[in-house]
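Here the structure comes first, spelled out in structure tokens, and everything after it is commentary.
Just so you know, these numbers come straight off a predicted model, no measurement behind them.
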Number of protein chains: 2
Amino acid sequence: MAEVTIKDVAALAGVSAATTSRVLSGNPATSSQARVKVAAAVKELDYRPNAQARALRSTRSDSIGLLVPDVRNPFFADLAHTVEQAALSQGYVTLLGNANEKKVQQDRYLDTLISRRVDGIIVAPLGDGGGSIHALIEREIPTVFVDRTVDGIDVPSVTTDSKVGIRQTVKHLAALGHTRIGYISGPQATSTGRDRFAAFTAAVADAGLSQDSDLVYFGDFQAGSGSAGVHALLQLDDPPTALLAADSLMAVGAIAILHKLGLGIGTDIALVAFDDIEWFALLNPALSVISHSVEDMGRIAVDLLLQVIAGESPQSVVLPSELVIRASSMSPILPAASRRKN
Amino acid sequence: MAEVTIKDVAALAGVSAATTSRVLSGNPATSSQARVKVAAAVKELDYRPNAQARALRSTRSDSIGLLVPDVRNPFFADLAHTVEQAALSQGYVTLLGNANEKKVQQDRYLDTLISRRVDGIIVAPLGDGGGSIHALIEREIPTVFVDRTVDGIDVPSVTTDSKVGIRQTVKHLAALGHTRIGYISGPQATSTGRDRFAAFTAAVADAGLSQDSDLVYFGDFQAGSGSAGVHALLQLDDPPTALLAADSLMAVGAIAILHKLGLGIGTDIALVAFDDIEWFALLNPALSVISHSVEDMGRIAVDLLLQVIAGESPQSVVLPSELVIRASSMSPILPAASRRKN
DNA sequence: CGTGTTCGTGGAATCGATTCCATGGAATCG
DNA sequence: CGATTCCATGGAATCGATTCCACGAACACG
């Protein structure tokens, strides 16, 4: 334990620990001689303050927590990246937790983050307001929801307005002649799952398309359920001619099984995905997507959180979504006769 | 500041803080009555120990740091995921840092992690052994390198033996008739960049293929340089008929520009990428890859780190790599006459 | 020239938990 | 039955930094 402490620095600089601390924290009540002597001693000893001790006394840790449902989901990886960069530029370090789409793991991480006394938490929540999410509110720990929200819990949030993008998509598909659109939905236990489903239902009704409830498959935002969804939808007596997947991972699963079944995306069946991912444009055919800005979402989430930490009560922000048409949904529908049936 | 401390718990339970601490840390020197009373008080007050104070006194923080060069690189996102899960199962939380392929940011994060007194650090290093990497060693902070290493710095590591996979790839491409293979290399400032380049050079020589140095483009492991590399290689007087990209992001860049140029992957030009990513199999045509196990890498890195923390000196581990042939490199080479030239 | 500010500084208390040490009561042994 | 061991327990020191408070020197003003 040859740990260098503030006392060692103080001794070498020939001043007290109190003065050393003042110099290090930029307190103006210090003489220039003290400043240079301390600076020299710090350099000489390669001193790094113990963040734990500092946090214990000053009750701020200069760190925030970010809890995402799944780091491997490119959308959340991007989010982690932007949040982390934005936080860093404000002097905060980000502790990343991965709930792995499991409520118990979410609770486990929230507990840990609370224990470590992070200054605030950004979370894309899953489940209802029970468990540790509730504890956050009770302890008045600065919290911001990102991407998703939780009913009955009133904290600032940054979310996407999925209505516009989904309405555009349905209209676009209808214009190509599609009347039966299959929807691979997210879980109704998440706010994004519910919102997008509601938006889809409304858009389909408005466009006068089939509202057959068989056309909706409820997945879990993971790749596997995208495959399962396609499988189920294609086995209908009157299968859909276009598909909309409520997130990128389920779209990946859908693409995988469509390949396997030998169905041509964009020709045999149209496909649109929610969430824009760099690679989707590289697929052949390129995938149409409902795009929304991760960068804005991450940046704004950090902004809001810092405001909450500062004691303010910022308004929630809703970001727009927008359809980006690519080859996977460009061809007009084929006459029924020439379509294969699975 | 309605923070619940161990004293509150002690008071409610009718015992001292010392006893409460013993109960909470599972010290056997406690009576069963004390245990039940403390447990009840903890529950009643919803007490969470202050991890900072605990770490300050006990000099362990039960946390490890993971520093990756880029979270948005799916390979490192996967790595983050497995490391985090493996660490969690051993009772450690992971603090994720993102160097963003920048040495200054790497140093910034290492400093922060050192300040926070993490129990150990897993890092995929960039740059030479200077800066904060050096400080890690000097302070004898348990460190493990993952994926990459740093010359002259002797810490346990988990890396991939790229030789086998690259040799298989070159042999495979040669068998299809390719004689000029373009190589989009990683930066020579990273160990993986150097290793893979050396392996490629050796394999090409062994197979008796063209060793034209113009066939090598030096990129930076990011998508943009993949595009730039393809661009440069195709402008040669005698352009390559097959390409090998040294990581997944550069492969993504390569695919993007090949699409843009209207060149058919697997037909006009063969393409193989290092790093297996779930989506690569979904591309049309599916991408041939040199695959290595991220799961193993992450799990073993955590294993090694825990051993180092425990004071042992484990051996470094080298994992195998292997060629997975898919459609992007399956067709025999076309006769030169029928190939378009760019 | 004395009184009153201003200003840099050091001593000491403090944050919340862990842990050494001493204590007193119960259990065990000769 | 007295002496010894054992064991649960509480008091107090401790980890490393921050910050309140008081002190003394320097300076300005009347």
Checklist line | Shortest side-chain distance from B/T30, nucleotide among D/dT9, C/dA17, C/dT18 | finding: D/dT9
Next item on the list: Describe the nucleic acid contact of B/S21 in one word from base, sugar-phosphate, nothing, applying a heavy-atom distance below 4.0 Å.
Entry: base
Notebook entry, point to check: Hey, does the side chain of B/T19 come within less than 4.0 Å of D/dG10's phosphate (OP1/OP2), counting only N and O?
Noted result: yes
Next item on the list: Map B/L56 and B/V15 onto DNA chain D by nearest heavy atom, then report which one ends up closer to the 5' terminus.
Entry: B/V15
Check: If only side-chain N and O atoms of A/S16 are considered, is one of them under 4.0 Å from the OP1 or OP2 phosphate oxygen of C/dG10?
Finding: yes
Margin query: What is the distance, to the nearest angstrom, from the CG atom on B/L24 to the C1' atom on C/dT18?
Written below: 11 Å
Check: Any Lys/Arg nitrogen of B/R108 or B/D111 sitting under 4.0 Å from an Asp/Glu carboxylate oxygen of the other?
Finding: no
Check: Over how many whole Å does the gap from A/R48 atom CZ to D/dA17 atom P extend?
Finding: 13 Å
Next item on the list: Can you tell me the pairing partner of C/dA27 across any strand shown, Watson-Crick or G-U wobble, with both distances under 3.5 angstrom?
Entry: D/dT4
Note to self: Here's a test for you: under side chain to side chain contact (heavy atoms under 4.5 Å, CB included), which of B/T159, B/I153, B/V158 qualifies with B/F145?
What the structure shows: B/I153
Next item on the list: Mind checking A/A34 for me? I need base, sugar-phosphate or nothing, with any heavy atom below 4.0 Å counting as a touch.
Entry: sugar-phosphate
Margin query: Expressed as a whole number of angstroms, how long is the span from A/I6:CD1 to C/dG10:C1'?
Written below: 13 Å
Next item on the list: For C/dC7, give its Watson-Crick or G-U wobble partner with both distances under 3.5 Å, or none.
Entry: D/dG24
Checklist line | Distance, rounded to the nearest Å, where A/K37 contributes NZ and C/dT9 contributes P | finding: 8 Å
Notebook entry, point to check: Counting side-chain heavy atoms from CB outward, which of C/dG16, D/dA17, C/dA12 is closest to A/A18?
Noted result: C/dA12
Next item on the list: Indicate whether OP1 or OP2 belonging to D/dT9 is found under 4.0 Å from a side-chain N or O atom of B/S31.
Entry: yes
Margin query: If you assign each of B/A53 and B/V23 to its closest nucleotide in DNA chain D, which residue comes earlier from the 5' end?
Written below: B/V23
Next item on the list: Can you tell me the distance, in whole Å, between the CZ atom of B/R57 and the P atom of D/dA12?
Entry: 16 Å
Next item on the list: Can you tell me the distance, in whole Å, between the CZ atom of A/R22 and the P atom of C/dG11?
Entry: 11 Å
Notebook entry, point to check: Got a sec: does the CD of A/E312 have more than 12 other heavy atoms crowding it under 6.0 Å?
Noted result: yes
Next item on the list: Verify whether one side chain among A/N100 and B/H81 offers a donor that lies under 3.5 Å from an acceptor in the other.
Entry: yes
Notebook entry, point to check: How close or far is atom P of D/dA17 from atom NZ of A/K7, stated in whole angstroms?
Noted result: 9 Å
Next item on the list: May I have the distance from A/D8 (atom CG) to D/dC15 (atom P), rounded to whole angstrom?
Entry: 12 Å
Next item on the list: State whether a side-chain donor-acceptor pair under 3.5 Å links A/T30 with A/R35.
Entry: yes
Check: Are B/T5 and C/dG16 close enough that a side-chain N or O sits under 4.0 Å from OP1 or OP2?
Finding: no
Item checked: Phosphate-side-chain proximity, B/R54 and C/dT18, N/O vs OP1/OP2 below 4.0 Å -> yes
